[in-house]
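Throughout, protein chains are lettered first and strands after them, A, B, ... in sequence-line order, and every chain is numbered starting at 1. All values below were derived from every heavy atom in this structure, side-chain atoms included, with hydrogens, water molecules and symmetry-related copies excluded.
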Amino acid sequence: KAGVTQTPRYLIKTRGQQVTLSCSPISGHRSVSWYQQTPGQGLQFLFEYFSETQRNKGNFPGRFSGRQFSNSRSEMNVSTLELGDSALYLCASLRDTFSYNEQFFGPGTRLTVL
Amino acid sequence: AQSVTQLGSHVSVSEGALVLLRCNYSSSVPPYLFWYVQYPNQGLQLLLKYTSAATLVKGINGFEAEFKKSETSFHLTKPSAHMSDAAEYFCAVSNTNAGKSTFGDGTTLTVKP
């Protein structure tokens with residue numbers, strides 16, 4: 001079974017631009033969560049989508065948004081990029097929450113904002 | 001609200017020595033607890049999880065952790081360190097909503113030959 005895939009793996013943008021990151025969960029998994037990882041703030045939860053609906057949201061500004069498609073693939077968008085948005089963005093998928101399962105993480109997208 | 005504290009941002013051990021990585025949690029409901037490992041430029045890999053079935057949890061690569069409710073701890077141990085164990089380790093807590101986890105700041109494990 002293929003793991004969680006994220007594209008692109010590396011991205012360089014300049015301040016003020018916007019960026020879209022993609023995550024394909026493990027087949028059959030309906031939940032996709034996004035996390036931001038930085039040396040200063042560690043791993044922080046951005047949001048979770050389940051069956052195309054945002055189920056949870058972290059404490060990030062509205063410049064960070066996401067969506068999930070009917071095939072469970074998810075995208076996150078960051079508009080008006082700031083230098084502080086440079087980070088490793090990790091996505092994780094989960095089969096469901098009716099019986100407890102752990103999240104499976106993708107390799108991440110490393111975003112550099114210049 | 002829930003939180004995780006990992007004591008010691010850096011731990012160094014000799015190859016063959018005991019590995020002990022400390023994690024304390026705070027949760028208003030019975031928690032689910034996890035340990036993940038992250039190698040450079042990679043995502044997180046689950047080592048083990050506690051979901052209230054047994055207090056001593058065995059994971060992959062010889063790691064185990066013991067849930068101690070009275071101490072609100074979930075320390076990770078391995079009897080004998082291997083060079084390949086050098087990585088960053090994260091403790092995480094989640095309530096019944098498995099899609100949202102709160103992570104500790106991580107502990108970098110160095111293994112000396």
How long is the gap from NZ on B:Lys100 to CG on A:Leu94, to the nearest 0.5 Å? 14.5 Å
Can you tell me how far CZ of A:Phe104 sits from CD of B:Gln45, rounded to the nearest 0.5 angstrom? 10.5 Å
Over all atoms of both residues, closest heavy-atom pair of [X] and [Y]:
{"X": "A:Gln103", "Y": "B:Tyr36", "value": "O-OH, 3.8 Å"}
{"X": "B:Phe90", "Y": "A:Gln37", "value": "CZ-NE2, 3.4 Å"}
{"X": "B:Gly99", "Y": "A:Glu48", "value": "CA-OE2, 3.5 Å"}

Answer yes if A:Leu46 and A:Tyr35 sit in the same cluster of Ile, Leu, Val, Met, Phe, Trp and Tyr residues linked by side chain heavy atoms under 4.5 Å apart, and no otherwise. no
hydrophobic_cluster_shared for B:Met83 and B:Leu47, side chain cutoff 4.5 Å: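 Both belong to a single hydrophobic cluster.
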Which region of A:Leu43, side chain (C-beta onward) or backbone (N, CA, C, O), has a non-hydrogen atom less than 4.5 Å from a non-hydrogen atom of chain B, or is it both or neither?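 It is both, since atoms from each part get that close.
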Which portion of B:Gln38 sits near chain A, non-hydrogen atoms under 4.5 angstrom: side chain
Less than 4.5 Å to any heavy atom of chain A: does that hold for the side chain of B:Leu46, its backbone, both, or neither?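 Side chain of B:Leu46 only, per the 4.5 Å heavy-atom cut-off to chain A.
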I'd like to know whether [atom1] of [X] has more than 12 heavy-atom contacts from other residues, nucleotides or ligands below 6.0 angstrom.
{"X": "A:Asn59", "atom1": "CG", "answer": "no"}
{"X": "B:Lys58", "atom1": "NZ", "answer": "no"}
{"X": "A:Arg15", "atom1": "CZ", "answer": "no"}
{"X": "A:Asn77", "atom1": "CG", "answer": "yes"}
{"X": "A:Arg73", "atom1": "CZ", "answer": "yes"}

Less than 4.5 Å apart, side chain to side chain, heavy atoms only: is that true for B:Asn41 and A:Arg110?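 Yes, their side chains come closer than 4.5 Å.
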Please confirm whether the backbone N or O of A:Glu102 pairs with a side-chain atom of B:Tyr32, one donor and one acceptor, at under 3.5 Å? no
